[in-house]
Enquirer: 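Below you will find the structure I want to go over with you.
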Protein chains: 2
Amino acid sequence: MKFSSKGRYGLRAMIALAQGYHKGPISLAEIAESEDISLSYLEQLIAVLRRVGLVEGTRGARGGYQLTADPALITAGQVVRALEGPLAPAECVAEGVKPGFCRRQTICTSKPFWEQVRDSVAQVLDKTTLADLCTINGLKVRQMSLGRKKVEA
Amino acid sequence: MKFSSKGRYGLRAMIALAQGYHKGPISLAEIAESEDISLSYLEQLIAVLRRVGLVEGTRGARGGYQLTADPALITAGQVVRALEGPLAPAECVAEGVKPGFCRRQTICTSKPFWEQVRDSVAQVLDKTTLADLCTINGLKVRQMSLGRKKVEA
DNA sequence: ATAATTCCTACTAAAATACAAGGAATTGAT
DNA sequence: ATCAATTCCTTGTATTTTAGTAGGAATTAT
């Protein structure tokens, strides 16, 4: 049972963006460095998040990315699902799957069980916002080394 | 976020054994057929469950496997962990991982989040017993086509 | 003009997954 | 005593997924 680095890295990137919310675009190079994630990999992840409308990009020098909504309005669930697809501890209980997917479902006792697993994960993912993820024990976490580097005079 | 077929198939096999608890050994061939799982794959899965002591094998003709404990005493968590290892939505929050595994943990706001995910899954897995998994809506599920085939006279 | 940046596509090494294959050992039934 | 059914054990392997790399085109502030 694991989430892939897509979801995990993507979430960390979104947290970084949330920490810099309303301070102008933040470049992926900065996030890649502070979060220690490969830049080109991060580009691919953020591209997905842009396509679903969670972030917007500003091209050109001093460009970067910004959240399209307040961190309190974006959930971990939105981010993770965008990057990893619907929650699905097993295929037959993937979120959004058509009923009748599995022909053994009338006799399958494990299906309700996996649904419970799925729902309990969904509950945590959907109740947690990026704003929540900017705090530890309710304390806002200081933004380490984020923010645009000073341009030499 | 998915569980592999090891955990899912293994659990189904254990449910089948639970349905035949105290009726003598059940062969993997029967389970493989009724559950539509490859026999040799199933052999490998059950081997793991035997090594951790959840089932015992009886060799020879009319042999098979039996649970080593009452279905009400074996949890889905035990079965799944045996087959897939510790619950770990991310490596740094794997069950049983040493603290200090990740050097960024003092500033990492996502770690407590992934721990919550892990714990909510664990709670479902650990509260659900094989006995629970033999029922749907509290009704004991009939055992379809299980039980030793009649020997020709 | 130039440097910084997003944006896009294609490729790839390594790991994990889901088995298949083959055979040795054991045991109940005939 | 033989045979068939079964567990038990090891090794191999095709396919898929993961986690990137690489290269370059388009855009924009300075």
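Both backbone and side-chain heavy atoms feed into the values below; hydrogens, waters and symmetry mates do not.
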Enquirer: Expressed as a whole number of angstroms, how long is the span from Leu42(B):CG to dT7(D):P?
Expert: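 So the CG-P distance, Leu42(B) to dT7(D), works out to 9 Å.
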Enquirer: In terms of heavy-atom contacts, does CD of Glu95(B) have more than 12 from other residues, nucleotides or ligands at under 6.0 Å?
Expert: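 Yes, enclosed.
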Enquirer: Please state how far atom CD1 in Ile26(B) lies from atom C1' in dT7(D), giving the value in whole angstrom units.
Expert: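 For the pair Ile26(B) CD1 and dT7(D) C1', the rounded distance is 15 Å.
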Enquirer: Phe3(B) and side-chain contact (heavy atoms from CB on, under 4.5 Å): which single residue from Leu11(B), Val121(B), Leu83(B) fits?
Expert: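 In the set Leu11(B), Val121(B), Leu83(B), the residue that makes a side-chain contact (heavy atoms from CB on, under 4.5 Å) with Phe3(B) is Val121(B).
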Enquirer: How long is the straight-line distance from OG1 of Thr68(A) back to CD1 of Ile74(A), given to the nearest 0.5 Å?
Expert: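 Here the rounded value is 5.0 Å.
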Enquirer: In whole angstroms, how far is the P atom of dT7(D) from the CD atom of Gln66(B)?
Expert: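 So the CD-P distance, Gln66(B) to dT7(D), works out to 12 Å.
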Enquirer: Would you indicate what Ser38(A) reaches in the nucleic acid, counting non-hydrogen atoms under 4.0 angstrom: base, sugar-phosphate, or nothing?
Expert: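 The answer is sugar-phosphate, as Ser38(A) gets under 4.0 Å only of primed atoms, P, OP1 or OP2.
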Enquirer: Using 4.0 Å as the upper bound for N to carboxylate O, is an ion pair formed by Asp126(B) and Arg81(B)?
Expert: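 Counted as a salt bridge, because a side-chain N and a carboxylate O are separated by less than 4.0 Å.
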Enquirer: Could you tell me the separation between the CD1 atom of Ile37(B) and the C1' atom of dC19(C), rounded to a whole number of Å?
Expert: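 Spelled out: CD1 on Ile37(B) to C1' on dC19(C) is 12 Å.
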Enquirer: Dump the pairs, protein N or O against N or O of nucleotides 15-19 of chain D, anything under 3.5 Å, distances to one decimal.
Expert:
residue, atom, partner, partner atom, Å
dA19(D), OP2, Ser5(A), N, 2.9
dA19(D), OP2, Ser5(A), OG, 2.9
dA19(D), O5', Ser5(A), OG, 3.3

Enquirer: Would you tabulate the pairs of protein nitrogen or oxygen atoms and nucleotide nitrogen or oxygen atoms of nucleotides 8-10 of chain D closer than 3.5 angstrom?
Expert:
residue, atom, partner, partner atom, Å
dC8(D), OP2, Arg50(B), NE, 3.0
dC8(D), OP2, Tyr65(B), OH, 2.7
dC8(D), N4, Glu43(B), OE1, 3.3
dC8(D), N4, Glu43(B), OE2, 3.2
dC9(D), OP2, Arg50(B), NH2, 2.6

Enquirer: Rounded to the nearest 0.5 Å, how far apart are CZ of Arg51(B) and CG of Leu49(B)?
Expert: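 Nearest 0.5 Å value for the CZ-CG distance: 10.0 Å.
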Enquirer: Please state how far atom CD in Glu30(B) lies from atom C1' in dA5(D), giving the value in whole angstrom units.
Expert: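 Whole-Å distance recorded here is 12 Å.
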Enquirer: Let me know the distance between CG of Leu45(B) and P of dT7(D), rounded to the nearest Å.
Expert: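 To the nearest whole Å, that distance equals 13 Å.
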Enquirer: Roughly how far apart are Ser5(B) OG and Glu84(B) CD, rounded to 0.5 Å?
Expert: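 That separation rounds to 8.0 Å.
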Enquirer: I need the Ile46(B) CD1 to Ile37(B) CD1 distance, nearest 0.5 Å.
Expert: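 With rounding to 0.5 Å, CD1 (Ile46(B)) is 9.5 Å from CD1 (Ile37(B)).
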Enquirer: Over 60° means perpendicular and under 30° means parallel, so classify the ring planes of Tyr41(B) and Tyr9(B), tilted if in between.
Expert: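 Aromatic pair Tyr9(B)/Tyr41(B) classed perpendicular.
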Enquirer: Can you tell me how far apart CG (Leu133(B)) and OG1 (Thr75(B)) are? Round to the nearest 0.5 Å.
Expert: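 Atom-to-atom, Leu133(B):CG and Thr75(B):OG1 are 10.0 Å apart.
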Enquirer: Going by heavy atoms in the side chains, are Gln78(A) and Leu73(A) under 4.5 Å from each other?
Expert: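 Answer no - side chains too far apart.
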Enquirer: Is there a residue in residues 76-93 of chain A whose heavy atoms reach under 4.0 Å of DNA chain C, and which residues are they?
Expert: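 Result for residues 76-93 of chain A: none.
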Enquirer: Check whether any side-chain nitrogen or oxygen of Arg62(B) sits under 4.0 Å from OP1 or OP2 of dA29(C), and answer yes or no.
Expert: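 For dA29(C), OP1/OP2 do have a side-chain N/O of Arg62(B) under 4.0 Å.
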Enquirer: Looking at Glu56(B), I'd like to know if its CD atom is crowded, meaning that more than 12 non-hydrogen atoms belonging to other residues, nucleotides or ligands lie closer than 6.0 Å.
Expert: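 Yes, CD of Glu56(B) has more than 12 neighbouring heavy atoms, counting only those of other groups under 6.0 Å.
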Enquirer: Expressed as a whole number of angstroms, how long is the span from Leu39(A):CG to dG23(D):P?
Expert: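 Going from CG in Leu39(A) over to P in dG23(D) covers 14 Å.
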